[in-house]
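So you know, we letter chains A, B, ... as the sequences are listed, proteins then strands, and number each from 1.
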Amino acid sequence: MNEASVPLSREFYARPALEVARDLLGRHVVRRIGEKALVGRIIEAEAYGGALDSASHASRGLTPRTAPMFGPPGHAYVYLIYGLHDMLNVVTGPEGEPSAVLLRAMTPVRGEAQMIAHRGGRRGRVLSDGPGKLAQAMNVSVSELNRHDLCLGERLWLAPGEPVPDARVTAGPRIGIDYAEPQDRDAPWRFIIAR
DNA sequence: TCATTGATGCGCT
DNA sequence: GCGCATCAATGAT
């Protein structure tokens with residue numbers, strides 16, 4: 001494991017989701033499957049949680065599904081949406097205060113051919129430009145990686161990568177949360193790397 | 001390039 | 001039973 005792929009520390013995650021989401025842009029997602037390593041650069045992320053975020057799963061309280069969000073930071077929260085797609089989140093903030101960041105998109109850095117295979121041969125922009133696509137390209141599933149500790153450097157973790165300056169960052173409302181209260185629906189908690 | 005729609009399974013009421 | 005932090009195929013502009 002070289003310097004660029006050392007796992008981000010627990011302290012990195014133990015901050016407000018909003019701060020972590022912004023800071024995750026340009027960082028690397030590392031997935032190790034046996035001897036093979038897949039690396040992607042995060043280009044889009046969304047914060048969920050905070051005091052009273054009606055868009056967050058955790059706003060309904062602690063349930064078996066949302067339990068990881070209430071747990072210690074630096075763990076994965078993976079869930080299935082629409083019966084089809086796995087969503088990869090990282091748990092943030094102090095234990096007991098539910099929050100997480102959804103990884104929404106990445107670009108391939110290493111192991112692109114393997115990612116394409118995971119995606120059924122789809123390549124180019126559609127390889128990993130959505131949360132379900134990102135998880136599928138990385139072969140991340142609820143059954144294998146929900147609650148996984150991202151600070152171990154085993155199977156799945158995030159690494160320093162190349163942080164992005166503010167001038168390259170754009171914030172806007174989150175996607176697919178029309179059901180949320182207006183102030184949460186409109187909050188600029190989605191971060192992307194402008195191009 | 002944009003809008004529409006079916007797919008599909010589980011958590012929660 | 002309802003609805004969901006989505007995707008891909010389809011058809012129109």
Side-chain angles (χ1 to χ4, degrees), chain A residues 13 16-25 27 29 40 42-71 73 75-93 97-108 112 115-148 150 156 158 170-195:
Chain A
Y13 299 100
L18 208 54
E19 197 174 316
V20 175
R22 157 66 184 86
D23 200 359
L24 280 178
L25 295 180
R27 306 291 186 172
V29 189
I42 298 169
I43 61 171
E44 180 177 348
E46 283 177 355
Y48 285 88
L52 288 169
D53 177 10
S54 63
S56 172
H57 292 167
S59 66
R60 309 271 182 190
L62 198 163
T63 68
R65 181 177 68 148
T66 63
M69 287 188 72
F70 290 80
H75 289 247
Y77 168 43
V78 186
Y79 65 91
L80 192 68
I81 192 64
Y82 299 114
L84 295 168
H85 309 295
D86 295 280
M87 302 282 107
L88 172 58
N89 301 250
V90 301
V91 176
T92 58
E97 293 180 22
S99 65
V101 174
L102 171 64
L103 305 188
R104 286 196 58 92
M106 69 176 185
T107 53
E112 182 172 6
M115 296 179 195
I116 291 169
H118 289 149
R119 290 275 297 125
R122 295 177 182 85
R123 63 188 67 214
R125 286 210 68 77
V126 299
L127 176 63
S128 52
D129 65 343
K133 303 175 192 180
L134 185 157
Q136 187 177 40
M138 291 303 229
N139 198 31
V140 167
S141 65
V142 176
S143 58
E144 182 184 353
L145 291 167
N146 190 29
R147 313 196 76 149
H148 179 76
L150 301 169
L156 176 68
L158 302 188
T170 302
R174 293 168 291 178
I175 301 297
I177 55 161
D178 290 348
Y179 57 85
E181 297 296 323
Q183 71 274 13
D184 298 323
R185 180 162 41 76
D186 301 336
W189 288 2
R190 173 192 187 214
F191 298 91
I192 64 177
I193 299 180
R195 43 172 206 166

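A:R185 comes within 4.0 angstrom of no nucleic acid atom, judged by non-hydrogen atoms across all strands. A:I177 comes within 4.0 angstrom of sugar-phosphate atoms only, judged by non-hydrogen atoms across all strands, and of no base. Counting any heavy atom pair closer than 4.0 Å across all strands shown, A:A180 reaches no nucleic acid atom.
Between A:R119 and the phosphate of C:dC7, there is no side-chain N or O to OP1/OP2 separation shorter than 4.0 Å. Contact annotation: A:R122 side-chain N/O to C:dA9 OP1/OP2 distance is under 4.0 Å. A:Y77 has no side-chain polar atom (N or O) that falls below the 4.0 Å cut-off from OP1 or OP2 of C:dA5. For the OP1/OP2 pair of C:dT6 and a distance below 4.0 Å, the side-chain nitrogens and oxygens of A:R104 include at least one atom meeting the criterion.
Rounded to whole Å, the distance from CZ on A:R190 to P on C:dT6 is 11 Å. Counting to the nearest Å, the C1' atom of C:dG3 and the CZ atom of A:R65 are 11 Å from each other. Going from atom NE2 of A:H57 over to atom C1' of C:dG3 covers 11 Å, rounded to whole Å. Rounding to whole angstrom units, CD1 of residue A:I81 and C1' of C:dC4 are separated by 4 Å. Rounding to whole angstrom units, OH of residue A:Y179 and P of B:dG11 are separated by 16 Å. The nearest whole Å value for the distance from the NZ atom in A:K133 to the P atom in C:dA9 is 10 Å. Rounded to whole angstrom, the span from the CG atom of A:D129 across to the P atom of C:dA8 amounts to 8 Å. Summarising the geometry, the separation between NE2 on A:H85 and C1' on B:dG6 is reported as 11 Å, rounded to the nearest angstrom.
Comparing atom distances between the A:T66 side chain and each of C:dT6, B:dG9, B:dC12 picks out B:dC12 as nearest.
You won't find any donor-acceptor pair under 3.5 Å spanning the side chain of A:Y82 and the base of B:dA7, going by distance alone.
Across every strand in view, C:dT13 sits unpaired, with no contact that passes the Watson-Crick or G-U test at under 3.5 angstrom. Applying the Watson-Crick and G-U wobble criteria (two distances, each under 3.5 Å), C:dA5 pairs with nothing in any strand.
For the side chain to side chain donor-acceptor pair (under 3.5 Å) test with A:Y77, the passing option among A:H148, A:R147, A:H57 is A:H57; the others fail.
Side chains of A:I192 and A:I43 form no contact here, defined as non-hydrogen atoms less than 4.5 Å apart.
For the 3.5 Å distance criterion, the side chains of A:S56 and A:S59 fail to qualify, holding no donor opposite an acceptor. A donor-acceptor pair shorter than 3.5 Å can be found between the side chains of A:T92 and A:S99.
A donor-acceptor distance shorter than 3.5 angstrom exists from the side chain of A:S128 to the backbone of A:M106, with no hydrogens or angles considered.
Both geometric conditions, a ring-centre gap below 5.5 Å and a plane tilt below 30°, are fulfilled for A:Y48 over the base of C:dA5.
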